[in-house]
Undergrad: 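Attaching a single structure in structure tokens format; questions to follow.
Proteins come first, then strands; the chains are lettered A, B, ... in the order of their sequence lines, and each starts at number 1. Model, not experiment: these values are computed from the prediction.
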There are 2 protein chains.
Amino acid sequence: MKYAGFLLHLKKFIELDEEEENILIAAFHYQEIRKKEHVLQEGQVCTSYYFILKGCFRSYFINENANEQVVQFGIENWWITDYDSLLSQRPSFFSIQAIEASEVVRIDKKVMDELFLKIPRLERYFRIVLQRTYAASQMRIRYLYGMTAEERYEHFHSLFPEFVQRVPLYMLASYLGFSPEFLSRIRARKNV
Amino acid sequence: MKYAGFLLHLKKFIELDEEEENILIAAFHYQEIRKKEHVLQEGQVCTSYYFILKGCFRSYFINENANEQVVQFGIENWWITDYDSLLSQRPSFFSIQAIEASEVVRIDKKVMDELFLKIPRLERYFRIVLQRTYAASQMRIRYLYGMTAEERYEHFHSLFPEFVQRVPLYMLASYLGFSPEFLSRIRARKNV
DNA sequence: GAAAGAAATTGAACCAGATCAAGAATACTC
DNA sequence: GAGTATTCTTGATCTGGTTCAATTTCTTTC
């Protein structure tokens, strides 16, 4: 069943009885997303939370030099959305795009708000997930400021070797805070 | 009463009856922190959450050039802690220090875990606060990558004019991602 | 209120990484 | 499987911001 992985993930954090599972399944929409398809475009108001069942996403924006700047990656069992736009209901500063053919379960903000009232234990789940997500984001700043470009790449590569293969080099470079050309040079240096 | 501001803040997000208020007051410790005093030192395990009643904090680390790098500021009505260390109970990568004479309420991680069971509505409160905190952290990355150093300063200055007066220039420079000398030059340019 | 310490300024030299441009490899697509 | 579109590489040049060092101003502290 399409929701199995999602429910399994939730159950790692909170208990759910059968009725609650059914409420969840009714609230979330399963959706396949093609490679390069956007679920959010810069300037639109973000209306949904997305839980990634399969595949890989990035959130990014176009900077002043007309380059795409990757702000965040999302893979299996992570949420991806633009919280700023979602909460304020103002136009988004980010775009969110599938890097690979992907599968998600999507839920509308309004439906989610109701769901929190129906299943208050979900608050706990999201509290825990957001603590981790925020911790990861702090750690990223730590690496951005505490390491050189080359060290950042090395470090990321050692932590997520398979992921480095999975995304285009120019997106990874952007995420790590330097130009694709520079990453290409780092690699060239290593391979000699 | 010392906890008044804290309870008032919580009540903006969730309802609390008198019994719950008493449980909260019993769980949290009021504490005055002197200017430059640390509540966490890099390498220690972080054991507490801090809610800032009054004053101003920074979390920072020492980078490879032996410079202090500011990762986050915290002011009145914000939480400050190192979630990574707090959750994993591993030594912290950050130090947390009062920039001014400050007042906080502190709660131990263990006590907090119990508190979530006693007052489950707190999960909701933290879920909401963490969404906002994470959104702010994403937005910061957006500005770091999407603007030049000077634009970042301008932007920050226009958003938080009073705060710019409040913290030493070299900490602000570090937070915005450049050297204190460079911020000094930006200011010099403006004042001509 | 003098002395010491901390923070801010200024100048000069330098460099990590960016940008531009052009070509080479991969990967889709029909 | 030919053709087109992406992605990656490499070289040459350039620059936003750093680093180092010296001086000045502002804050503490006793």
Undergrad: May I ask you to say whether B/Lys11 pairs ionically with B/Glu21, meaning some side-chain N is under 4.0 Å from a carboxylate O?
TA: yes
Undergrad: Near DNA chain C, which residues from residues 158-173 of chain B have a heavy atom under 4.0 Å away?
TA: B/Pro168, B/Leu169, B/Tyr170
Undergrad: If I take atom CZ from residue A/Arg140 and atom CD1 from residue B/Ile141, how far apart are they, to the nearest 0.5 angstrom?
TA: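 Reported value, rounded in 0.5 Å steps: 4.0 Å.
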Undergrad: Mind checking what makes side-chain contact (heavy atoms from CB on, under 4.5 Å) contact with B/Thr133, not counting sequence neighbours?
TA: A/Tyr134, B/Trp78, B/Val129
Undergrad: Atom OH of B/Tyr145 and atom C1' of C/dA18: how far apart are they, to the nearest Å?
TA: 14 Å
Undergrad: Which whole-number value in Å describes the distance from A/Arg185 CZ to C/dA16 C1'?
TA: 12 Å
Undergrad: Tell me whether A/Phe93 at atom CZ has more than 12 heavy atoms from other residues, nucleotides or ligands lying less than 6.0 Å away.
TA: no
Undergrad: Within a 6.0 Å radius of atom CZ on B/Phe178, are there more than 12 heavy atoms belonging to other residues, nucleotides or ligands?
TA: yes
Undergrad: Could you state the atom-to-atom distance from CE of A/Met147 to C1' of C/dA16 in whole Å?
TA: 17 Å
Undergrad: Is the CD atom of B/Gln89 crowded by more than 12 outside heavy atoms at less than 6.0 Å?
TA: yes
Undergrad: Distance-only criterion, 3.5 Å: show the donor-acceptor pairs between side-chain atoms of residues 160-171 of chain A and protein atoms not counting sequence neighbours.
TA:
from	atom 1	to	atom 2	distance (Å)
A/Arg166	NE	A/Glu100	OE2	2.5
A/Arg166	NH1	A/Glu76	OE1	3.4
A/Arg166	NH2	A/Gly55	O	3.0
A/Arg166	NH2	A/Glu76	OE1	3.2
A/Arg166	NH2	A/Glu76	OE2	2.9
A/Arg166	NH2	A/Glu100	OE1	3.3

Undergrad: Whole angstroms only, please: what is the CG-P distance between A/Leu176 and C/dA16?
TA: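 One finds 19 Å between P of C/dA16 and CG of A/Leu176, rounded.
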Undergrad: What is the distance, to the nearest angstrom, from the CZ atom on B/Phe182 to the P atom on C/dT9?
TA: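 In whole Å, C/dT9 P and B/Phe182 CZ are 14 Å from each other.
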Undergrad: Does C/dA18 have OP1 or OP2 sitting under 4.0 Å from an N or O in the side chain of A/Asn65?
TA: no
Undergrad: On DNA chain D, which is the earliest and which the latest nucleotide, 5' to 3', with an atom closer than 4.0 Å to a heavy atom of chain A?
TA: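 So the contact region on DNA chain D extends D/dT6 to D/dA12.
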Undergrad: Once you round it to whole Å, what is the distance between C1' of C/dG17 and CD of A/Glu151?
TA: 14 Å
Undergrad: Please tabulate, for the side chains in residues 104-117 of chain A, all donor-acceptor contacts under 3.5 angstrom to protein atoms that are two or more places apart in sequence or on a different chain.
TA:
from	atom 1	to	atom 2	distance (Å)
A/Arg106	NE	A/Gln31	OE1	2.8
A/Lys109	NZ	A/Asp113	OD2	3.0

Undergrad: Less than 3.5 Å apart, any donor N or O on the side chain of B/Ser174 or B/Gln69 sitting next to an acceptor on the other?
TA: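 Yes - a donor-acceptor pair under 3.5 Å links their side chains.
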Undergrad: Where the side chain of A/Thr148 is concerned, which of C/dC20, C/dA7, C/dG17 is the nearest nucleotide?
TA: C/dG17
Undergrad: What is the separation between atom CD on A/Gln69 and atom C1' on C/dG17, rounded to the nearest whole Å?
TA: 13 Å
Undergrad: Between B/Gln97 (CD) and C/dA6 (C1'), how many Å, whole number?
TA: 13 Å
Undergrad: Can you establish whether the number of heavy atoms outside B/Arg132 located under 6.0 Å from its atom CZ is more than 12?
TA: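 Not buried by this count: 12 neighbours or fewer within 6.0 Å.
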Undergrad: Sugar-phosphate means primed atoms, P, OP1 and OP2; the rest is base. With that split, encode nucleotides 25-30 of chain C 5' to 3' as B, S or - using protein heavy atoms under 4.0 Å.
TA: ---S--
Undergrad: For B/Glu103 and B/Lys2, what are the C-alpha separation, side-chain angles and deciding distance, and is it a salt bridge (Lys or Arg N to Asp or Glu O under 4.0 Å)?
TA: CA-CA 9 Å; B/Glu103 295 167 37; B/Lys2 284 164 174 173; over 6 Å; no
